[in-house]
Each structure stands twice: as structure tokens, then as C-alpha cells.
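Okay, structure first, notes after.
Numbered from 1 within each chain, the chains take letters A, B, ... in sequence-line order. Every value quoted in this text rests on a predicted model; they were computed, and no experiment measured them.
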Amino acid sequence: MLYSEKVMDHFEHPRNVGEIEDADGIGEVGNATCGDIMKIYLKIDQDIIKDVKFKTFGCGSAIASSSMATEMIKGKPVSEALELSNKAVVEALDGLPPHKLHCSVLAEEAVKAALDDYYSKK
Amino acid sequence: MLYSEKVMDHFEHPRNVGEIEDADGIGEVGNATCGDIMKIYLKIDQDIIKDVKFKTFGCGSAIASSSMATEMIKGKPVSEALELSNKAVVEALDGLPPHKLHCSVLAEEAVKAALDDYYSKK
Amino acid sequence: MKIYADNAATTKISENALAVMIENMKLYFANPSSLHTPGQLAKEQLEQAREEIAQAIGAKPREIFFTSGGSESDNQAICSAAYAGKRKGKNHIITTTVEHHAVLHTMAKLAKDGFEVTYLPVDEDGWLDPQLVREAIREETALVSVMYANNEVGTLLPVKEIGAICKEKKVPFHTDAVQAVGHVPVDVREIGCDYLALSGHKFHGPRGVGALYVRMGARIDNLIEGGAQERGKRAGTENIPAIVGMATALKEALNQLEENMEKTAALRDYLEAGLSKISHSKINGSGAERVPGTLNICFEAIEGESLLLLLDAKGIAASSGSACTSGSLDPSHVLLALGLPHEVAHGSLRLSVSEENTYEQMDYIIEQVKEVVSYLRSISPVWESLKKGEKEYIFK
Amino acid sequence: MKIYADNAATTKISENALAVMIENMKLYFANPSSLHTPGQLAKEQLEQAREEIAQAIGAKPREIFFTSGGSESDNQAICSAAYAGKRKGKNHIITTTVEHHAVLHTMAKLAKDGFEVTYLPVDEDGWLDPQLVREAIREETALVSVMYANNEVGTLLPVKEIGAICKEKKVPFHTDAVQAVGHVPVDVREIGCDYLALSGHKFHGPRGVGALYVRMGARIDNLIEGGAQERGKRAGTENIPAIVGMATALKEALNQLEENMEKTAALRDYLEAGLSKISHSKINGSGAERVPGTLNICFEAIEGESLLLLLDAKGIAASSGSACTSGSLDPSHVLLALGLPHEVAHGSLRLSVSEENTYEQMDYIIEQVKEVVSYLRSISPVWESLKKGEKEYIFK
Ligand SMILES: Cc1ncc(COP(=O)(O)O)c(C=O)c1O
Ligand SMILES: Cc1ncc(COP(=O)(O)O)c(C=O)c1O
């Protein structure tokens with residue numbers, strides 16, 4: 001099949017979908033022309049990611065990558081979230097097809113953009 | 001199928017196969033390099049073709065053309081045999097495949113060569 | 001429910017065509033180039049199929065060359081005409097922006113080899129104004145290649161008008177009729193084309209077989225060199241089982257053509273009516289005549305692959321863009337050619353029904369598409385921006 | 001009695017391969033480029049077949065490209081290597097005089113396009129001395145193309161030795177293994193070739209499908225442009241039923257390879273022993289290693305077509321020269337390359353047996369060939385001249 005079971009699970013039942021009204025950090029990456037946009041909302045308390053939500057416009061692996069990335073940083077200290085790599089996302093998803101690897105990069109970038117936003121607001 | 005029923009009949013059961021020991025005219029045309037040789041023997045009495053035999057090295061349509069040509073001139077006056085055309089042979093055989101038409105030409109030429117030989121001996 | 005709604009990508013083989021193929025493989029397996037009886041019997045099967053295919057499109061048997069499919073037919077026709085033109089100093093080719101890749105990539109190869117290619121634009125329905133062809137033709141035009149029916153949107157292009165113009169201007173005309181044959185009436189004399197490509201698997205025939213019509217007198221050169229099969233123009237031991245399967249399927253399709261056209265068009269229109277109720281969406285090509293079974297729709301703020309996969313999870317097999325390019329990241333070149341902006345071109349869905357589909361299935365598709373679209377919009381940041389008024393809707 | 005002894009022209013499809021094809025057409029008919037489940041299941045079938053074919057010849061799956069048959073594979077390999085060479089200033093190609101027309105006619109096309117082609121001679125058994133390849137290779141050599149097994153005579157050419165020389169000299173090496181695969185062990189690493197062509201219908205697989213092995217890193221360019229199938233190197237909706245049928249047939253053939261080789265070689269040798277009793281005849285290639293099933297014999301003073309047709313009338317399906325060129329008037333280019341004079345080259349007969357033939361059939365063939373040959377000699381003017389001493393026998 002196109003995607004691993006893990007990818008399909010996170011694509012069909014994405015975790016942490018939604019918005020956070022009073023987010024402490026918001027990151028948006030990608031653009032509609034390329035076919036992928038990810039937006040990540042963070043609620044941070046004492047440098048711990050208390051809550052995270054996302055919205056994604058994109059293919060199955062983009063949605064799954066966002067879902068997995070949010071799962072991986074949820075409840076973690078910001079310092080750990082900053083270390084999140086696209087490789088870790090790919091591994092956690094049991095792999096992505098080669099031409100879909102950029103989705104995991106986007107997920108990493110979206111998390112970092114949200115953290116940047118958090119720092120810049122602080 | 002490759003050949004008409006008539007061709008197959010004359011190929012599988014050729015008429016007038018053989019040699020005539022004391023022939024009045026013998027004609028041989030074609031060459032082994034091209035893959036066809038026809039040899040026709042005539043027994044002529046008072047300008048009537050009393051007997052005709054042939055031997056042919058060649059494909060099915062070459063054998064059938066020889067067989068048909070000999071049938072067509074047997075018992076006929078020499079003057080009529082001289083008129084034998086390859087077209088008439090082809091028609092009598094209910095047609096030949098386009099790339100096999102040269103076999104009927106060869107049959108016409110073999111008859112004429114045998115008649116030439118007859119005249120030159122006379 | 002399991003629904004196959006991807007008939008423009010490929011169709012299921014008909015029972016009759018399959019039965020004929022099996023019989024052929026068992027009884028007529030010999031090589032038709034062999035002189036022996038089994039070979040000649042196989043050859044008879046081959047030539048009968050050639051007659052049937054010829055008759056189906058109004059051609060003479062000698063004008064039909066069997067190939068391995070639509071792509072090969074397109075390649076061979078285009079290259080033959082192009083290089084024949086080049087030998088006479090003609091190095092200009094006219095085509096459209098909405099052709100299949102079998103045509104477009106062949107054009108790209110020719111462009112590399114010194115040809116100048118004019119890509120005529122289409123209107124928002126994918127229709128080509130024949131006058132554009134007339135205006136584009138020059139002294140050095142070696143070929144006009146315009147498809148009969150578009151594979152993504154279904155639009156029927158005015159090939160008869162274009163054929164007449166090409167005839168008048170004495171320019172060879174090729175039409176890729178892969179999506180048309182078996183679905184709408186196709187007659188090569190009416191079109192007035194010099195070349196026409198068709199493919200077996202688009203009308204419930206087998207895969208890996210196609211035909212190329214070449215008007216008597218039009219130039220045809222080998223793409224595949226070798227044995228003297230197909231009057232020396234296409235080498236390779238003839239795939240007779242597939243060829244007779246294709247002929248059987250095409251006869252079957254034509255026997256029921258009117259009936260099937262009516263039925264599939266009605267199903268498609270029903271589906272279209274249901275889906276067009278979804279807000280901020282657009283039916284592509286609906287302003288033009290289309291092949292009966294094809295429906296293409298874009299939904300704002302969602303992406304096609306995720307739509308496709310969620311429908312698949314519900315048992316609906318559909319397509320986003322053409323099958324051959326799925327897996328690529330670019331939106332369909334056809335939808336862009338129709339003038340759709342990238343962001344909505346990404347959100348396209350092609351449903352292609354056959355006479356075997358039912359209204360019950362259409363209802364299910366409508367229901368599921370609605371649900372999936374609204375779910376994907378609910379998780380789409382683009383939809384969020386649109387709703388918040390941060391962005392303007394493209395489809396009002 | 002009905003005897004099929006033309007297996008080098010084509011084979012009857014195996015029951016297993018046919019069953020797998022039918023199942024595939026019914027269950028996995030979707031387009032493997034489609035993203036939906038039916039498409040992805042079809043794709044799994046395709047990729048499994050690719051693995052099987054790869055394994056059968058010692059290749060990696062990524063090195064296998066599916067095509068429409070042996071001819072297409074040969075064309076694509078040769079053109080790819082030739083033009084890749086040309087871009088580096090290399091315009092010389094080496095091949096042999098006994099190749100199949102799929103190779104020879106491609107060479108002729110390249111020769112017209114500025115390539116210089118060296119045709120290496122073979123010995124009287126159709127065998128090529130590998131040292132000739134070494135001597136022919138030059139700085140500008142773009143490709144060496146030597147067949148694995150000859151289709152008319154059955155001779156196995158020393159491809160491993162040639163492969164080693166090409167490797168040493170860093171020249172790409174293509175081998176047309178259409179007559180070898182499924183009949184003798186074939187391993188691309190052992191051969192050391194860069195390209196290898198095979199065709200499904202020569203080993204009880206389906207018609208219209210073949211494969212091209214392309215060593216990882218070797219250059220491969222499209223012959224057919226279009227969709228991104230076969231990693232972008234061969235466009236056209238994949239003919240999966242035929243591909244899985246071919247993989248099934250090849251696995252089957254290899255499972256029984258030793259057994260079949262022994263059996264067919266024994267049948268062939270038995271036939272050969274019987275037929276060589278006919279006076280003034282010659283077994284072609286008997287001095288070389290041959291594929292097990294093929295027997296080629298020339299009879300002095302008779303012509304092959306009439307021999308063939310009379311055998312056909314007795315129920316024996318055989319061939320004279322290769323099937324693809326029958327119907328032409330020229331004697332086989334292969335027999336001429338073996339040094340046979342025209343007059344005897346016209347009188348050739350190819351019998352190609354498979355493991356399904358029997359000794360009873362061989363006895364019948366021997367008896368009938370004897371009878372037909374002596375009949376045709378009795379009506380042959382050439383035989384008459386030979387007997388009368390007007391001409392010299394070529395075969396003493
Ligand atoms: C040696 C050889 N090469 C190539 C071919 C061509 O294969 P196909 O007929 O599958 O194109 C054949 C058989 O016809 C052959 O025997
Ligand atoms: C319009 C059009 N042209 C050409 C093709 C190529 O046909 P095939 O896949 O049979 O090579 C297709 C289908 O894939 C098509 O829809």
C-alpha cells in the first residue's frame with residue numbers, strides 16, 4: 001500500500017486536530033500553491049507544552065505528519081520540542097514514501113515556527 | 001489460409017510430375033539461389049502438345065503454378081500454349097498471395113522456354 | 001459499499017472479452033507469422049479482429065496497426081508525422097495544453113530535437129476553439145495533434161472542425177481518441193484525421209493493447225523495429241489474445257453505445273447535481289460537451305489526495321488528476337490549463353462512472369463526498385482563513 | 001497426429017500462467033498508478049511479479065522494466081546505449097550477423113543516423129569467437145550487442161566471455177536472451193551484461209509482454225514517452241495480467257529447468273539422430289552448444305516452404321527460418337551467416353520441441369520428414385541434376 005498502517009491511522013484518525021483560541025505560539029508553514037499548509041497552535045506553561053492543536057491542508061502524509069508531530073511534542077518541555085527532527089517523525093510513522101518526505105520536514109518546520117512565535121512573544 | 005484450396009490441391013497433388021525421356025522441347029527457368037527452378041518437358045506431335053511433364057524446386061505456389069500451367073497446355077495446339085499468361089495461371093488457381101505472383105510468371109516463362117526449345121530444334 | 005468510479009483510469013474487462021481471450025490462448029496460440037495451419041488459423045483471428053476494429057471506427061483494415069496501447073500509438077503517430085515533415089523542412093507542431101502525457105512528453109522530446117511546438121490554450125471548460133488551429137498553422141507545420149476527449153475533465157474537443165481545417169491546409173492531423181472510442185461515436189472519415197490512437201483497456205477490453213489508425217497514404221514509421229509484423233511497421237510477435245479481446249470489447253461497447261451513453265450520462269448528471277450542492281466547489285468542463293461518464297470537481301480549501309484516500313476508506317475508488325501522474329506533487333496540468341489557480345487545482349476529484357454503476361452508488365458517493373469534504377475543511381487552515389475572511393473565496 | 005514443433009516461434013501458455021492471468025483480470029483490474037486500494041493492490045501484484053522476474057535472472061527488482069515483448073526490449077536497450085554513447089562522441093556499435101531482426105533492424109536504423117556498425121561473423125555453427133569482440137572494440141564503441149541463444153539454429157553464444165571483455169573494456173553490453181530465458185540458466189551477474197531482453201511467450205507465458213533488465217547505473221531512455229510508469233522509463237498503463245502471467249510461467253519453467261532441459265535435449269537428439277540419416281542433409285549448429293529444444297536441418301535440392309506445408313498437411317507444425325521472416329523470399333540471414341550457400345539455405349527446416357512433446361511424436365516426425373523430403377526430391381529438377389552428375393552435391 002501507499003502508506004504504512006501508522007500513517008493511515010494518523011491520517012484517518014488524526015490526533016490534536018483543531019485550534020487553540022488563546023495560543024501562546026502559532027506557526028504556519030507551506031502554501032496552498034504547493035499543496036501543503038500546516039498550522040500549529042501551542043499552549044505553553046512553564047516551558048512545558050501543555051496543549052497542541054493543528055490544522056493541515058495537504059495530502060494524507062501531511063496530515064499524518066502533523067498529527068504525529070503534535071503527539072511527539074505534547075507534554076514535553078519546549079527544549080525537547082526544539083529538537084524534534086523530521087527523521088524522528090518519519091520513524092515514528094514507520095516510514096513515508098520517498099516523494100512524501102517533505103511532509104515530515106514541513107511538520108518539523110511548523111513546530112519550530114510555532115516555538116519561534118512563542119519565543120518572540122515572550 | 002496462406003493459399004486457396006486450388007493451390008493446395010495442385011501443390012499436394014501436382015499433375016504431370018516427371019520427365020519425358022525423348023522430349024521435343026525442354027525449358028528450364030529460375031535458379032536455386034532465388035529458391036525456384038522449373039523444368040518443363042513437352043512431347044509435341046503435329047503442333048499439338050501430346051504430353052507435358054514438369055519438375056519444380058520451389059515453394060508451394062511454384063509447384064502449384066507448374067502443375068496448373070501444364071494442365072492448361074496439355075492437349076492444346078502450340079499456338080494456344082504460346083498465349084498462356086501468368087494471369088491465366090493465377091486465375092485458374094483462384095489467386096496467389098501478392099508476394100507469390102512471381103511463381104506464376106516463372107510457370108509462363110518455363111512453358112515458353114520449352115516451346116522455344118521445340119522451335120529451335122525443329 | 002465498494003464502488004469503482006475510476007473508469008477513465010482503466011475499466012474491468014468484460015466477461016465476453018475475457019472468454020474470447022481465454023479461448024484464443026488455448027486454441028489459437030501459434031505464431032501468425034508461421035506458415036503452418038495453426039499459425040494461419042491464428043492469423044485469421046488476427047485479421048478478423050483487424051476488420052472489426054476498422055469497422056468500429058469507419059476505417060479500412062489496412063489502416064489499422066496494432067500496438068501495445070494508447071501511449072505507443074500516440075508516440076508512433078506523432079514521431080512518424082513529425083519526422084516525415086522534418087524531411088520536407090517542416091519543423092513546427094501544433095497541439096494543446098490539455099493533452100495526455102503520452103502526447104505532451106513526446107512533444108517535449110521532439111522540441112529537444114529541434115521542433116517548435118505550439119501549445120494552444122483551451123477555454124475554462126477545456127474546449128479548444130478550432131479557429132486557433134487555423135491561425136496557428138504555418139507553412140512549416142508538420143502536424144496538428146488534438147485529443148478527442150480529455151481524460152481528466154471529459155471535454156470533447158472539436159476534432160471534426162479541426163480535421164476539416166487540417167485537410168484544407170493539407171497538414172497531417174493526429175487525434176488521441178483513447179478516452180473517446182467506445183464511449184462516443186468515432187468515425188475517422190468524419191473526423192478527417194490522418195492518425196487516431198485508441199487503447200483496449202478504456203472500454204472494458206484488455207490491458208497492454210491498442211491500435212493506431214493510419215489513413216491510407218499517411219506516413220508511418222516504426223517505433224519498434226524487427227520482424228515484419230503489422231506490414232513491417234510494428235515489430236513483435238502479435239498479441240492476438242489481447243487483440244481479439246479488444247475487438248470483442250469494442251464491438252460490445254458499440255452495440256450498446258447509445259444505451260450506455262444515455263445511462264452513464266444520466267448517472268454522471270445525477271452525481272453532478274448532488275455534488276454541486278457542496279459550497280465553494282466547481283464542476284470542471286460542465287460548460288462543454290463531455291464524454292458521458294466523466295465528472296471532475298474542485299473543492300476549495302482541501303487537497304485531493306487526502307480526499308481520495310478518505311473516500312477509498314469508505315470503499316469509493318476515484319481519482320485526482322490523471323492516474324499516471326498521481327504520486328507527483330504537481331497539480332494537474334489540465335486543470336491549470338483550464339485557468340484554475342494552483343490552490344484549488346490541488347483540490348480536484350475525478351469520478352468516472354460506467355454503465356455498471358447504479359444510482360444507489362451515486363447516492364452513497366454524494367453522501368460520502370459531502371462528509372469527507374466537510375471533515376477535511378474542518379481541519380484545513382485554508383478553510384479557517386476563508387471563514388474568518390482573511391482570504392477571499394475563489395469559488396464564491 | 002497433430003504435433004506442435006514450433007516452440008521457438010511461440011509456446012502454448014501454461015495452465016498456471018493462464019489461471020493467474022484470469023484471476024488477475026478479475027480481481028486486480030484497477031490501474032496500479034491509482035492511489036485507491038484497488039489500484040494499490042494491483043500495484044502489489046505488479047511489484048511482486050517484478051521481484052520474481054528479477055530473482056529468476058539474478059537481478060534486483062529495480063533493474064527490471066516491463067515492456068510489450070522482446071522486440072521492444074531490444075529496441076529500447078540498443079537505442080538507449082547508442083545515443084548515450086553518441087552524446088559522449090562514441091558512434092560505433094558491435095553486433096553479430098546472426099541477431100534477430102529486432103536487433104538487426106535497429107542497427108540499420110542507427111546506421112542511417114550516423115552510427116558505424118560492425119557485424120562480427122560467426123563460425124559454421126553460429127558461434128562467435130569472443131576474441132573477435134575484443135579485437136573489434138575501439139575507443140568509440142558505444143555498445144556491444146550479442147544474442148544469448150540464436151532463434152533459428154539454437155546456438156548458445158559465449159555471452160559470459162563477451163561480458164567479461166566488455167566489462168574490462170568498459171563498453172556497455174546488451175544481450176538478446178529471448179531464446180535463452182526459461183530454457184537455460186540465465187544470470188545477469190554471471191553474464192556481466194548491462195542490458196538483457198526477454199519475452200514472455202517463449203517460455204509458456206503470455207504474448208505481448210517482455211522485460212528489459214538494465215543494470216543499476218546503466219543508461220536507459222524512453223522508447224515510449226508518456227505517464228510515469230516503470231519509473232518514468234516506459235509509458236503506458238501496465239499490462240499486469242500479462243506481467244504476472246509471465247512471472248508465473250518463468251517461475252514454473254525454472255522450477256523444472258534441469259528436468260526440462262534434459263527431456264527436451266533428449267527428444268531433440270533423438271530427432272536429430274533420426275533425421276540425420278537422410279542423405280545429403282546437414283544439421284546446422286550441431287558442433288556448438290545449443291538450447292535444448294531447437295533443431296535446424298538443411299536438405300539439399302528441396303525448398304523449405306513446400307517441405308513445411310507438406311509436413312503441415314501431415315499435422316506437423318514446424319518452421320523454416322524464423323517465423324517473422326517467413327513469407328519473405330530471401331533465405332534466412334542466419335543460415336547464410338553460417339556459410340551455407342543460397343541453394344541449400346532455401347531448404348531448411350527448424351523443429352523446436354518442448355517438454356510436452358513425446359518420443360512417439362519424434363518417430364512420426366522422422367518418418368514424415370523422410371517421406372516428404374524424398375517426394376520433393378523426386379519432383380525437384382535440382383535433385384535430377386545432382387543424380388545425373390550434372391551438378392556437385394554440396395552436402396556429400
Ligand atoms: C532471439 C529473439 N529476439 C527477439 C524476439 C522478439 O520477441 P517478441 O516477438 O516478443 O517481440 C524473438 C522472437 O520473436 C527472438 O527469437
Ligand atoms: C487520453 C489518453 N491518452 C493516452 C493514454 C495512454 O493509454 P495507455 O495507458 O493504454 O498507454 C490514456 C490513458 O492512460 C489516455 O487517457
At a heavy-atom separation under 4.5 Å, does D/N75 approach chain C through its side chain, its backbone, both, or neither?
-> side chain
Checking D/A242 against chain C: side chain, backbone, both or neither under 4.5 Å from a heavy atom?
-> neither
Between C/T10 and D/F29 the two heavy atoms that sit nearest each other are CG2-O, 3.2 Å
Proximity breakdown for D/S199 and chain C, heavy-atom pairs closer than 4.5 Å | neither
Engaged part of C/Q76 at the chain D interface, taking heavy atoms whose separation is under 4.5 Å | neither
Atom NZ of D/K43: over 12 foreign heavy atoms under 6.0 Å | no
What residue in D/G315, D/G70, D/A102, D/P32 has the most heavy-atom pairs under 4.5 Å with chain C?
-> D/A102
Turns out that what part of D/K26 lies under 4.5 Å from chain C's heavy atoms comes down to both
Heavy-atom contact with chain D under 4.5 Å, split by part of C/T67 = neither
Side chain / backbone / both / neither for C/F66 at chain D, heavy atoms under 4.5 Å | neither
CG/D/N222 to NE2/C/H105 distance, rounded to the nearest 0.5 angstrom?
-> 9.5 Å
Just wondering, are more than 12 heavy atoms of other shown residues or ligands nearer than 6.0 Å to CD in C/E47?
-> yes
Side chain, backbone, both or neither of C/K12 within contact of chain D (heavy atoms, under 4.5 Å) | both
Worked check of side chain to side chain contact (heavy atoms under 4.5 Å, CB included) between C/S68 and D/I224 | CA-CA 10 Å; C/S68 71; D/I224 300 176; 4.3 Å; yes
Provide the closest heavy-atom pair for C/A30 versus D/R207 in the form atom of the first, atom of the second, distance.
-> O-NH1, 3.8 Å
Under 4.5 Å to a heavy atom of chain D? For C/L104 that would be neither
Does any non-hydrogen side-chain atom of D/S71 lie less than 4.5 Å from one of C/T237?
-> no
Nearest atoms (heavy-atom pairs only) where C/N31 meets D/A9 = ND2-O, 3.3 Å
Taking only residues two or more places apart in sequence, or in another chain, which ones meet C/Q40 in a side chain to side chain donor-acceptor pair (under 3.5 Å)?
-> none
Of all residues at least two apart in sequence or in a different chain, which pass the side chain to side chain donor-acceptor pair (under 3.5 Å) check with C/S354?
-> none
Side chain, backbone, both or neither: which part of C/A318 has a heavy atom under 4.5 Å from chain D?
-> backbone
Begin from the C-alpha positions of C/M25 and D/M21 and carry the test side chain to side chain contact (heavy atoms under 4.5 Å, CB included) through to its verdict.
-> CA-CA 11 Å; C/M25 283 193 250; D/M21 287 180 76; 4.0 Å; yes
Side chain, backbone, both or neither: which part of C/A317 has a non-hydrogen atom closer than 4.5 Å to chain D?
-> both
Non-hydrogen side-chain atoms of D/L308 and C/H36 separated by less than 4.5 Å = no
Interface check, chain C: of D/T37, D/I316, D/I13, most non-hydrogen pairs under 4.5 Å belong to D/T37
Would you indicate whether D/E15, at its atom CD, is surrounded by more than 12 heavy atoms from other residues, nucleotides or ligands within a distance under 6.0 Å?
-> no
Looking at D/G227 and C/H101, what are the two nearest heavy atoms and their distance?
-> N-CB, 4.0 Å
Closest approach of D/G208 and C/N239, non-hydrogen atoms and distance?
-> CA-ND2, 3.5 Å
Nearest atoms (heavy-atom pairs only) where C/E305 meets D/L35 = CG-CD1, 3.5 Å
